[in-house]
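So that the names make sense, note that chain A is the first sequence line, chain B the second, and so on, each numbered from 1.
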Amino acid sequence: MSDAETKRYYLTTAIDYPNSRPHIGTAFEKIGADVQVRFRRMEGASVFFLMGNDENTIKVPQRARELNLEPKAYVDQMAGQFKDVWHALDISFSDFIQTSEERHHAGCRKFIQAVYDAGDIYKGTYSGHYCNGCEAFKTEKEVAEGGGKCPNHPNTPLIWVEEDNYYFRLSAYRDRLLEHYLSHRDFIQPESRRNEVMSLVESELKDVAITRKGFAWGIKTPFDPDQTIYVWFDALLNYITGIGYGTDEERFRQLWPADVHVIGKDITRFHCALWPAMLMSAGLPLPRMVFGHGFVYRKNEETGEVQKLSKSLGNVVEPMDLVQQFSSEAFRYYFMSQCPFGGDGEFSFERFAAVYNADLANNLGNLYSRTLTMCAKYFEGRLDGGSTVDATQWRKGLEFEPLIGSLRELVGSFEYNLALQRIWREVVDAANRYIQETQPFKLVKTDVEATRAVLVNLADWIRVAAILIKPFLPRTAETFYRAFNFEETTPWESVGYVDALTPLNQQGLHVTAPLTEGKPSPLFPKVEVGAPR
RNA sequence: UGCGCCGUGGAGCAGCGGCUAGCUCGCCAGGCUCAUAACCUGGAGGUCGUAGGUUCGAUUCCUACCGGCGCAACCA
């Protein structure tokens, strides 16, 4: 692997249907992805982070008609809303692809033609329950749910329709897929998802219909203009059309294959079976990893019941509600610290507030407050007056280098909750304990220089904490870093985990944070537990 | 039904073969006063779902069962 290759990092998230607004579960995925790319950037990688919306579904023209809009106008409007939410959560995506864009259409046509030319597409007959109300086929499951009728149109009888479609020869890739899983242990992460996919591929891997007839909205099949590409086949292709496949081959070659597709556990099979088979057929390299994250469930505060987020249960929580009540930082912290990214997690307003108060207000925020206040009160913000002190004193008794090493490993492998837990226990808590043990507020009465030494150590502590939380809480981290004049040594933008290991530059060390009457304003004002909502 | 995950003090989690089973929140008692009534110390509280098995030894491995949950080809 060349140096240039190890340094570029291409990550994608699942593209979302635009017919409903993003909820906390959708946001969970994007934040987890964002933490990873922020971390990779800190590690020196040149990152490309792709997100987008999945717009070529039958529901789009339906919904657009209801709103009296052109489909394209509708999806553009929705994409704007999605991006607003992602920006509010500080999701640092590089590009946002909409599958209604021409660049996507062009890439899709090229790709399906390549698969066709490879002989993996054949004409067949698709049959199923068709609903005239939805203008779509219903799955057996949907029919069962509706008691033999369409769940959305119970008065419209379902009809059995047979239609000529094109099929992708997925079954032909069974052995090559299994071989790939075996030779690339990391292809499907976390481990628990592997078995599921492997047993699925071993047992049943049927060819799939990849086109539908008679839809105006969607991508026309190049070898048969009466047919449009079925949503799944087209959706997966965003990962390559978003980086220039079919429109900018040079760029595509630079970025592909993806380092990781971050997706929800429900769609692992598409990404681990269908997608690699499609790529094999088209002669393209496979992504290095598919990470299937867990889901966020809603805990009902009164009954204690844990439920899936769903519109019908009315328990959907919109990210903006929490961002407005607390902050994007609080939002990011809750989900990254409380929900293991590879597994499932729970959300309740009560718990959100409890975690916010305990970890952000009382620990992190308060550490910041008390440190800066003492610097201002005892030294008027200047810590550089005395003789040079040992600023690494605080690291004694702490296995510091191994800690940084394991944090890098944990963050790099998406184990965010464990990483945050260690940062809090071993860095933030330790700092509060250090203050209690050294008692600078007492010491200042007898030994000013010793007090200065303690505060210099705390300043370094703040600096290191800033670096460690940078991928998770970018704003808070920056505030921490700008509390002192650390930027004179290393600019904030270029600070990485390695800088936590370099010693503090005490030259001219002083407080740069804005203070009002010698105090910073609270970063995380405490909230009344149980009050919100 | 198939496949998968989970069941550890009041709540949320960690431990995944062997020191007195850890951590956070909550609770109780002290301490401190720099700080967002924050912080620090100590304490109470667990037969690690049940029944077997493997082993010198199991919360940790195996089997069965009970209970909860997820996925199963367009609801993150």
Please check if any side-chain donor atom of [X] sits under 3.5 Å from a side-chain acceptor atom of [Y], or the reverse.
{"X": "A:N357", "Y": "A:N362", "value": "no"}
{"X": "A:Q36", "Y": "A:Y416", "value": "yes"}
{"X": "A:D359", "Y": "A:Y333", "value": "yes"}

> Is the distance from OP1 or OP2 of B:rA76 to the nearest side-chain N or O of A:K30 less than 4.0 Å?
Replying inline: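 No, no such contact exists.
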>> Heavy-atom nearest nucleotide on RNA chain B for A:G25 versus A:L274: which residue maps closer to 5'?
In response: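 Going by which nucleotide is closer to the 5' end, it is A:L274.
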> Is a side-chain donor or acceptor of A:E29 paired with a backbone partner of A:A14 at a separation under 3.5 angstrom?
Replying inline: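 Here the side-chain-to-backbone pair exists.
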>> Whether the side chain of A:T221 engages the backbone of A:Q227 through a donor-acceptor N/O pair (distance < 3.5 Å, no angle test) should be reported.
In response: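 A pair under 3.5 Å: yes.
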> How many Å lie between CD1 on A:I24 and P on B:rC75, as a whole number?
Replying inline: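 Distance check: A:I24 CD1 to B:rC75 P gives 19 Å.
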> Any ion pair linking A:D344 and A:K308 (charged N to carboxylate O, less than 4.0 Å)?
Replying inline: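 Result for this pair is no, no salt bridge flagged.
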> Taking the six-membered ring for Trp, are A:F49 and A:F93 parallel (under 30°), tilted (30 to 60°) or perpendicular (over 60°)?
Replying inline: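 Aromatic pair A:F49/A:F93 classed perpendicular.
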> Taking the six-membered ring of A:Y230, is NZ or CZ of A:R212 closer than 6.0 Å to its centre and within 45° of its axis?
Replying inline: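 Because its charged atom sits under 6.0 Å from the ring centre and within 45° of the axis, A:R212 does stack over A:Y230.
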> Is there any salt bridge (charged side-chain N to carboxylate O under 4.0 Å, His left out) pair reaching into residues 445-458 of chain A, and which pairs are they, with sequence neighbours excluded?
Replying inline: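 Every pair satisfying salt bridge (charged side-chain N to carboxylate O under 4.0 Å, His left out) with a residue in residues 445-458 of chain A: A:E449-A:R452.
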Using the [atom1] atom on both, measure [N] against [M] and round to a whole Å.
{"N": "B:rA51", "M": "B:rC56", "atom1": "C1'", "value": "23 Å"}
{"N": "B:rU47", "M": "B:rU59", "atom1": "C1'", "value": "12 Å"}
{"N": "B:rG45", "M": "B:rC25", "atom1": "C1'", "value": "14 Å"}
{"N": "B:rA76", "M": "B:rG68", "atom1": "P", "value": "26 Å"}

> By a strict heavy-atom criterion of less than 4.0 Å, which residues belonging to residues 437-447 of chain A are in contact with RNA chain B?
Replying inline: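 Residues of residues 437-447 of chain A that come under 4.0 Å of RNA chain B are, in numerical order, A:F441, A:K442.
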> Once each nucleotide of nucleotides 2-16 of chain B is scored for protein heavy atoms under 4.0 Å, what B/S/- sequence comes out, 5' to 3'?
Replying inline: -SS------SS----
> Where each pair must be Watson-Crick or G-U wobble with both distances under 3.5 Å, what dot-bracket representation of RNA chain B is obtained, with crossing pairs in [ ] and other-strand partners as |?
Replying inline: ((((((((.[[[[.)..(...]]]].(((((.......))))).....[[[[[..)....]]]]])))))))....
> A:K206: what forms a salt bridge (Lys or Arg N to Asp or Glu O under 4.0 Å) with it, not counting sequence neighbours?
Replying inline: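 Partners of A:K206 under the salt bridge (Lys or Arg N to Asp or Glu O under 4.0 Å) test: A:E204.
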What are the atom names and distances for every N/O pair under 3.5 Å that joins the protein to nucleotides 37-39 of chain B?
from	atom 1	to	atom 2	distance (Å)
B:rA38	OP1	A:K526	NZ	2.7
B:rA38	O5'	A:K526	NZ	3.0
B:rA38	O2'	A:N362	O	3.2
B:rA38	O2'	A:N366	OD1	2.6
B:rC39	OP1	A:N363	OD1	3.3
B:rC39	O2'	A:R370	NH1	3.1

> When we call it a touch if two heavy atoms are under 4.0 Å apart, what does A:Y297 touch: a base, just sugar-phosphate, or nothing?
Replying inline: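 Touches sugar-phosphate only.
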>> Is it the case that over 12 heavy atoms from other parts of the model lie below 6.0 angstrom from the CD atom of A:Q81?
In response: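 More than 12 within 6.0 Å, yes.
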> Is atom CZ of A:R21 surrounded by more than 12 heavy atoms (other residues, nucleotides or ligands) closer than 6.0 Å?
Replying inline: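 Open: at most 12 neighbouring heavy atoms sit under 6.0 Å from CZ of A:R21.
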>> Within this structure, what is the CZ-CE distance for the pair A:F168 and A:M278, rounded to the nearest 0.5 Å?
In response: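 The distance works out to 7.0 Å.
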